[in-house]
K.L.:
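One structure follows; several queries about it will come next.
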Amino acid sequence: MKAIYNYIKEILQGIWTLLTGMRVTAKYFFTPWKHVTQQYPENRDTLKIADRFRGEVIMPHNENNEHKCTGCGICEINCPNGSIEIITKTLVNEEGKKKRAIDQHIYHLGMCTFCNLCIKACPTGAIVMGQRFEHAVWDRTLLTKVLNQPGSKIMEGVKE
Amino acid sequence: MDELKEVMITNDEIRTDEYLINMGPQHPSTHGVLRLLVQLEGEIVHNVQPHIGYIHSGIEKMAESLSYPQLGHLTDRMDYLSAIQNTEAVALCVENALQVEVPERVKYIRTIMAELSRLASHQLWWCVMGMDMGALTTFFYGLRDREDILDIFEETCGARLTLNYNIPGGVMFDIHPNFQRDVKAFIQKFKTKLPEYERLLSGNVIFTERTKGVAYLTKEDAIAWGVTGPTARASGFACDLRKHRPYSAYDKVQFKEILSDVGDTYTRYQVRMAEMWESISIIEQLIDNIPEGDHAVKMKGVVKLPEGEFYQRVETARGEFGVFIVSDGKKNPYRVKFRSPGFSNLFAINHIAKGWKIADLVAIMSTFDLVIPDIDR
Ligand code: SF4
Ligand code: SF4
């Protein structure tokens, strides 16, 4: 008798635990408007990405097409996986003095691990992290970028 | 020698009524590329032999060519769910070697971040555990709450998974102005969600039938196999480094080390659930008391460790994670060895899964909370 009682009790208890769980899911099922997730590709205009989000390395230029990069190569040394290549050139100013300047700041987005070490190391703050995160392209050569814009030069007064 | 024989399966030793079956490397419940060679009689497991190496990335070798500040970002990629704690171990190890004292503020931030990351990891473990047992709903609920933590990470650390936040000498960024507000809001919200987790899965009759009394791990075996973390604490092995070897700000907070001496699959589940409450309490104790100060001390451009051997261990969400650095005084380490919790835990599976059904093996793997890159680094 006791065994049968226990048997039935176990079944009922089992059903009860299932109902307890279903009460949780039912709460969400009947109030869907409270729990809508993001409608991602559609909400691009309103999407807010955190300011510190590390999407890609960029080099900001001002309106005169000037940047702050001196071509010192410290970012290249600090990058753990060789995502940055610095190619420098030598400029000769009016007084005939030679000066090193950046020719191409090459950035391999496909290799970058977004560790922020290059940005932390840059003495002039020439590079920062951009928030763009949609990096899919059809050809991987497009992931190699030159960060300094063509024809750009260094800002007045930026020293190594 | 007998011990070794126990784990090596060869074809001649298979009885005619036994199968040799590969579980993985592409099995959904192995959570990555782990291959288990299972010797079965019908449904009963006779032997499990883990095969690793499918995603071996050579992180230890790679580390030899990196400088110390660069080392951290690689450990992010080992146990990616405990990225904060892994980088913390590297940072602490380098700081100890250089005898650098970090500001109090850094210690508090590191502790809060570590506990947030433990919560996120346990949430993911919980939802995946449910999913392995056939309850897909838990997967959405767990990920929904984890999202809040990842948003907090994104705001302060700038990334969601591979954060590279702890660096030798401090943390990468100071906390975001909204950080304290957001964490408190999350804690408030999560406190109402955690009982929901319990209602949904913990009491569920199907779940308890499959986990209670299944696959015991004794305390002696846990110690003998080097099992650490919640898995070992469920067997009564007091191994919480936060308690016994406090680092960062863990000596300033009150929390219980969750211990149980049952050691079955269900206890391992319960210990992790209880740990989430402890993490919440640790965060609550610290979040309002973050001292003012710098978020990092100024380190030299080139960090060189003195000659010698340095070891630092921390408690990640899976157990004891250790960093062993041998330095010859140059800017790169001479040799780096990581002691990852998942690796030691994994090899106890053969020991406890014997005699149980193959479906139980899935549950056992879930409660061991395996992260494959952590095992196979
Ligand atoms: S980006 Fe900064 S660190 Fe890199 S070369 Fe230019 S100035 Fe130097
Ligand atoms: S973010 Fe890291 S990996 Fe990427 S370019 Fe900078 S240093 Fe290299």
Side-chain angles (χ1 to χ4, degrees), chain A residues 9-29 32 34-38 40 47-57 72-84 111-123 128-131 133, chain B residues 62-63 65-67 69-74 76-77 87 130 135-138 140-141 143-144 147 150-165 167 172-178 182 193 195-209 296 299 301-302 331:
Chain A
K9 196 175 135 201
E10 243 171 59
I11 292 179
L12 290 179
Q13 267 175 351
I15 294 175
W16 177 248
T17 59
L18 292 183
L19 288 177
T20 319
M22 278 161 111
R23 212 167 59 222
V24 177
T25 44
K27 191 180 100 197
Y28 288 98
F29 185 75
K34 283 192 194 161
H35 319 285
V36 197
T37 51
Q38 284 189 25
Y40 161 57
L47 196 65
K48 237 184 95 49
I49 306 284
D51 313 334
R52 291 182 188 174
F53 182 73
R54 309 204 283 263
E56 60 178 339
V57 177
C72 63
I74 290 178
C75 53
E76 187 180 10
I77 300 168
N78 273 276
C79 179
N81 45 29
S83 305
I84 295 179
M111 273 155 69
C112 178
T113 51
F114 311 107
C115 64
N116 205 46
L117 292 174
C118 51
I119 284 130
K120 196 167 157 284
C122 177
V128 292
M129 276 289 177
Q131 275 72 48
F133 62 95
Chain B
M62 248 194 278
S65 60
L66 296 182
S67 71
Q70 291 172 347
L71 197 59
H73 100 292
L74 271 186
D76 269 352
R77 283 156 179 79
T87 44
L136 194 64
T137 320
T138 62
F140 300 111
Y141 287 26
L143 283 191
R144 172 199 66 194
E147 190 65 22
L150 295 191
D151 282 344
I152 292 172
F153 281 164
E154 190 179 335
E155 204 171 44
T156 288
C157 318
R160 297 165 69 82
L161 198 65
T162 48
L163 306 142
N164 194 25
Y165 187 58
I167 49 171
M172 185 70 89
F173 307 101
D174 202 356
I175 51 174
H176 194 273
N178 294 341
D182 288 350
K193 301 291 179 198
E196 213 167 65
Y197 285 20
E198 301 272 2
R199 283 208 293 281
L200 201 60
L201 196 62
S202 306
N204 188 302
V205 59
I206 304 168
F207 180 74
T208 48
E209 287 288 312
M299 299 285 272
V302 179
K331 70 176 179 35

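Only this structure's heavy atoms are used, side chains among them; waters, hydrogens and symmetry mates stay out.
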K.L.:
Taking the side chain as every heavy atom from C-beta outward, state whether B:Thr137 and A:Tyr28 have any pair of such atoms under 4.5 Å apart.
P.N.:
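Of all side-chain heavy-atom pairs linking A:Tyr28 with B:Thr137, none is under 4.5 Å.
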K.L.:
Decide yes or no for A:Ile49 and B:Glu154: does some side-chain heavy atom of the first lie under 4.5 Å from some side-chain heavy atom of the second?
P.N.:
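Yes; the side chains approach each other to less than 4.5 Å.
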K.L.:
Might you point out which heavy atoms bring B:Met172 and A:Leu117 nearest each other, and give the distance in Å?
P.N.:
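What the structure gives for the nearest pair is CE-CD2, 4.3 Å.
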K.L.:
Side chain from CB out, backbone as N, CA, C, O: work out which of these in A:Ile74 comes under 4.5 Å of a heavy atom of chain B, or both, or neither.
P.N.:
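Contact with chain B is absent: no heavy atom of A:Ile74 under 4.5 Å.
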K.L.:
Might you point out which heavy atoms bring B:Glu196 and A:Val24 nearest each other, and give the distance in Å?
P.N.:
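Shortest heavy-atom contact: CG-CG1, 3.2 Å.
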K.L.:
State, to 0.1 Å, how close B:Glu155 and A:Ala50 come at their nearest heavy-atom pair, and which atoms those are.
P.N.:
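Minimum heavy-atom contact is CA-CB, 3.8 Å.
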K.L.:
Counting only non-hydrogen atoms closer than 4.5 Å, does B:Tyr141 touch chain A with its backbone (N, CA, C, O), its side chain (CB onward), both, or neither?
P.N.:
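Just its side chain gets close to chain A.
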K.L.:
Please classify the contact of B:Ile167 with chain A as side chain, backbone, both or neither, using a heavy-atom distance under 4.5 Å.
P.N.:
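Contact with chain A is through the side chain of B:Ile167 alone.
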K.L.:
Using non-hydrogen atoms only, which part of B:Thr156 is less than 4.5 Å away from chain A: side chain, backbone, both, or neither?
P.N.:
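Both the backbone and the side chain of B:Thr156 come within 4.5 Å of chain A.
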K.L.:
If you count heavy-atom pairs within less than 4.5 Å of chain A, which of B:Glu147, B:Arg160, B:Arg199 leads?
P.N.:
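Option with the top pair count is B:Arg199.
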K.L.:
Against chain A, label B:Ser67 side chain, backbone, both or neither, depending on which of its atoms sit under 4.5 Å from a heavy atom there.
P.N.:
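The answer is neither part of B:Ser67.
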K.L.:
Hey, which of B:Leu163, B:Leu201, B:Leu74, B:Ile206 has the most heavy atom pairs under 4.5 Å with chain A?
P.N.:
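Max contact count across the listed options: B:Leu163.
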K.L.:
Provide the closest heavy-atom pair for B:Asn164 versus A:Arg54 in the form atom of the first, atom of the second, distance.
P.N.:
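Smallest heavy-atom distance, with atoms named: CB-NH2, 4.0 Å.
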K.L.:
Would you indicate whether B:Met62, at its atom CE, is surrounded by more than 12 heavy atoms from other residues, nucleotides or ligands within a distance under 6.0 Å?
P.N.:
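Counting other residues, nucleotides and ligands, CE of B:Met62 exceeds 12 neighbours.
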K.L.:
Is atom CZ of A:Phe29 surrounded by more than 12 heavy atoms (other residues, nucleotides or ligands) closer than 6.0 Å?
P.N.:
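Not buried by this count: 12 neighbours or fewer within 6.0 Å.
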K.L.:
Between B:Val205 and A:Thr17, what is the shortest heavy-atom contact and its length?
P.N.:
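For B:Val205 and A:Thr17, the tightest heavy-atom pair comes out as N-OG1, 3.2 Å.
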